[in-house]
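Notes for the one structure printed next.
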Amino acid sequence: MSLPDGLRLRRAHPQDLDDVMWLEHASFPTDAWSASQMSGELYSPHGYYIVVETTEGGAPTIVGYAGLSSLAGNPVADVQTIAVAADRRGTGIGRVLFTELLDEARRRGVREVFLEVRADNPVAQAMYTGFGFERIAVRPRYYQPDGVDAWVMRAELSPAAPTPGVGPIGQETLDERD
């Protein structure tokens with residue numbers, strides 16, 4: 001799956017914090033992460049954060065972001081977050097972001113990926129199920145202050161098959177996919 005014209009996928013940088021936080025608060029008004037939490041994620045050596053930004057019409061604008069966390073050598077990873085601007089939902093950006101997170105997990109040798117999703121978000125649940133995730137538990141009242149349950153979902157990943165010319169975001173090989 002590719003992005004619509006006028007958008008590009010790239011690694012997130014700590015300099016993206018303000019733009020990511022704007023989208024964080026717009027997407028999760030009652031339970032947004034703090035700037036210090038997000039900054040810690042962007043600086044973490046265990047994290048892999050990506051953004052989708054506009055490439056036309058002046059200064060780039062971040063319209064989506066996602067993050068993965070996994071310790072080096074650990075066969076388990078967690079999807080930390082994923083958000084797409086409201087006016088861009090339904091265009092495939094979320095799927096592109098999620099696909100890249102899973103690809104990075106495979107590159108890291110991860111065999112299992114976990115995530116939490118709001119019990120009242122059937123659109124996200126359907127996307128994750130479409131990627132092979134299964135609900136394995138419920139965390140009651142996980143999302144505060146709303147008191148909404150979280151579904152804990154899990155998927156097993158097959159090992160990455162080496163693909164010539166394709167590498168992680170930020171390397172020159174990505175240009176072939178832009």
Side-chain angles (χ1 to χ4, degrees), residues 1 9 11-12 14 16-52 62-159:
M1 172 168 256
L9 177 69
R11 284 290 299 262
D16 295 323
L17 180 63
D18 289 343
D19 293 333
V20 168
M21 288 308 301
W22 183 90
L23 186 51
E24 172 80 5
H25 285 283
S27 300
F28 310 110
T30 61
D31 59 351
W33 289 8
S34 70
S36 65
Q37 287 172 305
M38 188 65 75
S39 178
E41 290 291 314
L42 293 175
Y43 277 101
S44 172
H46 310 296
Y48 181 75
Y49 276 73
I50 52 178
V51 297
V52 170
I62 292 175
V63 296
Y65 65 88
L68 179 81
S69 179
S70 106
L71 298 172
N74 190 337
V76 175
D78 292 292
V79 173
Q80 298 293 88
T81 188
I82 185 168
V84 175
D87 64 340
R88 300 291 183 133
R89 292 181 188 150
T91 63
I93 294 171
R95 289 187 178 282
V96 168
L97 287 164
F98 198 62
T99 297
E100 177 58 28
L101 292 184
L102 296 179
D103 287 348
E104 176 64 13
R106 286 183 185 95
R107 289 189 290 266
R108 292 179 178 209
V110 167
R111 299 304 303 260
E112 283 184 295
V113 177
F114 292 87
L115 60 83
E116 285 96 15
V117 61
R118 289 177 66 107
D120 63 356
N121 189 344
V123 173
Q125 294 163 10
M127 182 180 83
Y128 301 142
T129 300
F131 277 89
F133 280 73
E134 296 177 345
R135 185 174 81 176
I136 60 168
V138 174
R139 294 178 195 238
R141 298 173 302 285
Y142 181 80
Y143 291 100
Q144 293 297 323
D146 301 333
V148 175
D149 294 350
W151 287 11
V152 179
M153 300 185 81
R154 173 190 169 278
E156 288 186 28
L157 296 182
S158 57

Roughly how far apart are [X] [atom1] and [Y] [atom2], rounded to 0.5 Å?
| X | Y | atom1 | atom2 | value |
| --- | --- | --- | --- | --- |
| D19 | Y65 | CG | OH | 11.5 Å |
| Q125 | L115 | CD | CG | 10.5 Å |
| D16 | W22 | CG | CH2 | 14.5 Å |
| T30 | H25 | OG1 | NE2 | 11.5 Å |
| Y43 | L17 | OH | CG | 8.5 Å |

Test side-chain contact (heavy atoms from CB on, under 4.5 Å) applied to M127 and I82, step by step: CA-CA 12 Å; M127 182 180 83; I82 185 168; 4.3 Å; yes
What are the two closest heavy atoms between [X] and [Y], and how far apart are they?
| X | Y | result |
| --- | --- | --- |
| M21 | S34 | CE-C, 3.7 Å |
| A105 | L68 | N-CD2, 3.9 Å |
| P14 | L42 | CA-CD1, 4.2 Å |
| R11 | G47 | NH2-O, 4.1 Å |
| A66 | L101 | CB-CD1, 3.7 Å |
| L97 | A83 | CD1-O, 4.0 Å |

Looking at side-chain heavy atoms only, is the closest gap between [X] and [Y] below 4.5 Å?
| X | Y | answer |
| --- | --- | --- |
| R106 | S158 | yes |
| E24 | T81 | yes |
| E104 | R108 | yes |

Stepwise side-chain contact (heavy atoms from CB on, under 4.5 Å) check, E41 with Q37: CA-CA 6 Å; E41 290 291 314; Q37 287 172 305; 5.8 Å; no
Under 3.5 Å, is there a donor-acceptor pair between the side chain of [X] and the main chain of [Y]?
| X | Y | value |
| --- | --- | --- |
| R111 | L157 | yes |
| S27 | L23 | yes |
| S44 | G40 | no |

Mind listing the side-chain donor-acceptor pairs of residues 71-80 below 3.5 Å, one per line with the distance, residues two or more places apart or on another chain?
from, atom 1, to, atom 2, distance (Å)
N74, OD1, V76, N, 3.0

is_close_aromatic(Y143, F28), centroid dist under 6.0 Å: no
Step-by-step side-chain contact (heavy atoms from CB on, under 4.5 Å) determination, D146 to R118: CA-CA 11 Å; D146 301 333; R118 289 177 66 107; 3.3 Å; yes
Please tabulate, one pair per line, all N/O donor-acceptor pairs under 3.5 Å involving side-chain atoms of residues 130-140, not counting sequence neighbours.
from, atom 1, to, atom 2, distance (Å)
R139, NH2, E116, OE2, 3.4

Charged N-O contact under 4.0 Å between R107 and E100: yes
